[in-house]
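Below is one structure, written out as structure tokens; comments come after it.
Numbered from 1 within each chain, the chains take letters A, B, ... in sequence-line order.
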2 protein chains.
Amino acid sequence: MQVEITREYIEQVEEAIARKDQDFILESMAGMYPADITTVLYELDATESKYVMDLLPPEVGSEILSDLDYDIRKDFLDNFTSQEIARYLNLMDSDDAVDILNEQSVQIREEVLALIDNEEKAAAILDLLHYEEDCAGGLMAKELIKVNQNWRVRQCIEEIRRQAEDVERIYTVYVVDNRDILVGRVSVKALLLSKDDVLVKDISNPDVISIESFRDENEVVGVMQKYDLEAVPVVNIQGRLLGRITIDDVIDVMQEQAELSRQLMTGITENVEEDDTVFRISRSRLPWLIIGMVGGLMAAQFMGFFEGDIALLPALALFVPLITATGGNVGIQSSSIIIQTLASNTVIFDNLSERMLKVLLVALLNAVIISMLVFLFTYLFKGDIKLSMVVSIALFSVVMLASLMGTIMPMILDKFGINPAVAAGPFITTANDLLGLGIYFGIAHWLYSL
Amino acid sequence: MQVEITREYIEQVEEAIARKDQDFILESMAGMYPADITTVLYELDATESKYVMDLLPPEVGSEILSDLDYDIRKDFLDNFTSQEIARYLNLMDSDDAVDILNEQSVQIREEVLALIDNEEKAAAILDLLHYEEDCAGGLMAKELIKVNQNWRVRQCIEEIRRQAEDVERIYTVYVVDNRDILVGRVSVKALLLSKDDVLVKDISNPDVISIESFRDENEVVGVMQKYDLEAVPVVNIQGRLLGRITIDDVIDVMQEQAELSRQLMTGITENVEEDDTVFRISRSRLPWLIIGMVGGLMAAQFMGFFEGDIALLPALALFVPLITATGGNVGIQSSSIIIQTLASNTVIFDNLSERMLKVLLVALLNAVIISMLVFLFTYLFKGDIKLSMVVSIALFSVVMLASLMGTIMPMILDKFGINPAVAAGPFITTANDLLGLGIYFGIAHWLYSL
């Protein structure tokens, strides 16, 4: 039953916990999906959550634990003993169990591992702990269904029945040879459609897309998206089948990446959420604010060279915000497009000169339009043709240069393996402020000294 | 076989097309996945692509067409007759076919529809064309596997064999009653694990999450993510099973949303990609550049009121970039966090006062740090205590106000159903520029007139 979690319900649950009314909690949650119970737990405090978790069947509890936001899970599990954690991990897919173990201290990790009674699960978890978290091996689960290519359909279906108890979703049945090398795949559909005594190798499809365990998570996302896969088998360098990665894990990776890029673009240096502490949120923002401040002070220092010009013609100062804002806007727009291209992996060949020509043409078009408009307005406004010329020529140059910088900077960062989104918001803005002011006062100084 | 598409291979294909060497093309592409052939076609021109498509088996061609980026597909299909398009749509899932038809002119759409020989497919497509593109009905495909709750497992498996020919991936088998009302689901796994004469209703799970056809695509994404579904059945208001939405379509929606937000945040008003025309890219950027320009001119006009102060104390002008940049940075950071919260739907209750208190505390902490640093530097720098006070008091106020604006503005836009990302980059920056300058010169004017 899909339920809507209301504020009233949360209050009822809190009251039930306070008066230790187990029946209310169990009855009201009996029909709920684990994901909905998770939503309820987010609204409770740590001890209240623990009370509810202890009442729920361990199968439900293990789903809730897998579901929990990892930021919250760490604190959440502090209230649980290693025995309790182990009981949940016993019932979890190996990849989720490993994620949880990786969030614990070494001591707890060892304790929990020793307490997992399902030996096969413990072995799977131990194996998965060896992989880096952001590679294919770190994303995969050991649970999958595999059959030998020399079996018959009947034997396969029996084997699937046996293995299927551990595997939540089948997707594809993998076919291996006697050395456990992945040699193909067979769909449940094909098995259902075939006679019982047909050999697996005769109905299996040798064309199976797999990924090596050491590949980066971005490659996993790329392969699964390109080939529209809901699961991809992971093999070692010899082609031995090690595990599989399912689409839900890849969606999580995609979302993390999108969030990270967005935060980098907006000048937030740590992965923070609204419910983090004031200090943590503040700390995540300060680095960029300080860089911006240093940029601003450098701009002040730099403009100081032209203090004489400003004293002679104070109107010159009035257009400083126009110059810096336009440079910033153009820079962010340009980097946005190039970052999108870099992220999509659709461009396989570098037709760099063609691309730069296009960037320049777009910049030229916008620079002409904007600077003409500004010339018109400032002239109507101030009636000073020389000042209008200074402002519009400076603006023209700023648009051109900011376009180039906004395009080239992310490409350079990407070449050095740095996330190009860093270059988008903050960095570009500060650089463009300085650049724009240099151009503006340079042109002013030169034109007025003529 | 997974192949890497090299520049050499593209050139070989182009030469083969030029000398009409069908064998080279067919042989080299025989082992390739449609997604890889799509990558090749992106590098060819329209007539070359058409030549290759005509050689390929229609099954492969239809997969390529479903795969193609929709921006490109429209031009791509201009080279095909309605007969040819119909032949591909015949072999496609109904949801992909509808997407393609929706990109065509009304005339072509009618022609193609009349030419689809598979009557069931044509009826499914005609039905789907009624739904808005961005609701659940617009995302669903008619292809799914359903069984009656009163059947036995044996009959089910036979029926699945029959239906499965049309359905690429089974995921879940839906259970309906005699009136086609969705009453449950049964996994292929459960069918495999059950005896032949068991009734479906005895092994089916009545707990099936479904979504009504009129729901917005964002709700579909939310439900599938929350409950970790790889497919969700779509029902009408009476609960009749209409179709199903699969995870790959939802991933596409997620990506479009992420891209749209990012573009809005960076001041690009149309969905453009790097390979669009210069005019289109230029046009997508101009609106925000012009808003920024108007903002800059308003700032100039506004600072004009203080021209007298600037003439008296030109050093006042030097800190204008610092003030505007800091306001912009703080505003973007604040809006970034609140937009993330608004998008994630994790907050179900509005503890508005608590949230605002936190925003203010973070702002206060950063404002104190930044303004103290600036006071120190400007004093060391200029040795003018009054000026240093003006700059740091102004900066303090700007950080506080920009934090509030950056938080409140997206919330207000969201309340009115406008994508809050609009408020992030450009809009906030311009507003904060004006606000910051007002505070700065206001404080300067007041302090110096004391």
Interface moiety of [X] toward chain B, non-hydrogen atoms closer than 4.5 Å:
{"X": "Val294(A)", "answer": "neither"}
{"X": "Ala315(A)", "answer": "both"}
{"X": "Ile247(A)", "answer": "side chain"}

Heavy-atom donor-acceptor pair, [X] side chain to [Y] backbone, under 3.5 Å:
{"X": "Thr326(B)", "Y": "Ile323(B)", "result": "no"}
{"X": "Glu63(A)", "Y": "Pro34(A)", "result": "no"}
{"X": "Glu43(B)", "Y": "Ile10(B)", "result": "no"}

Which atoms of [X] approach chain A - backbone, side chain, both or neither, heavy atom under 4.5 Å:
{"X": "Thr38(B)", "value": "neither"}
{"X": "Ile370(B)", "value": "both"}
{"X": "Ile290(B)", "value": "both"}
{"X": "Ser66(B)", "value": "neither"}
{"X": "Leu297(B)", "value": "both"}
{"X": "Gln255(B)", "value": "side chain"}

Closest approach of [X] to [Y] (non-hydrogen atoms, all atoms of both residues):
{"X": "Asp433(B)", "Y": "Ala325(A)", "answer": "OD2-CB, 3.7 Å"}
{"X": "Asn329(A)", "Y": "Trp288(B)", "answer": "CG-NE1, 2.9 Å"}
{"X": "Ser403(B)", "Y": "Val330(B)", "answer": "OG-CG1, 3.2 Å"}
{"X": "Met224(B)", "Y": "Thr246(B)", "answer": "CE-C, 4.1 Å"}

Pair Asp36(A) + Lys226(B): basic N to acidic O under 4.0 Å: yes
Pairs of heavy atoms under 4.5 Å with chain B: top-ranked of Thr324(A), Leu373(A), Asp252(A): Leu373(A)
For chain B, the option from Gly304(A), Ser282(A), Gly296(A) that forms the most heavy-atom pairs under 4.5 Å: Ser282(A)
Among [options], single out the residue with the greatest number of heavy-atom pairs under 4.5 Å to chain A.
{"options": "Val278(B), Leu434(B), Ile310(B), Leu316(B)", "result": "Val278(B)"}
{"options": "Ile251(B), Val399(B), Leu437(B)", "result": "Ile251(B)"}
{"options": "Met254(B), Lys382(B), Gln225(B)", "result": "Gln225(B)"}

Phe377(A), CZ atom: more than 12 neighbouring heavy atoms under 6.0 Å: no
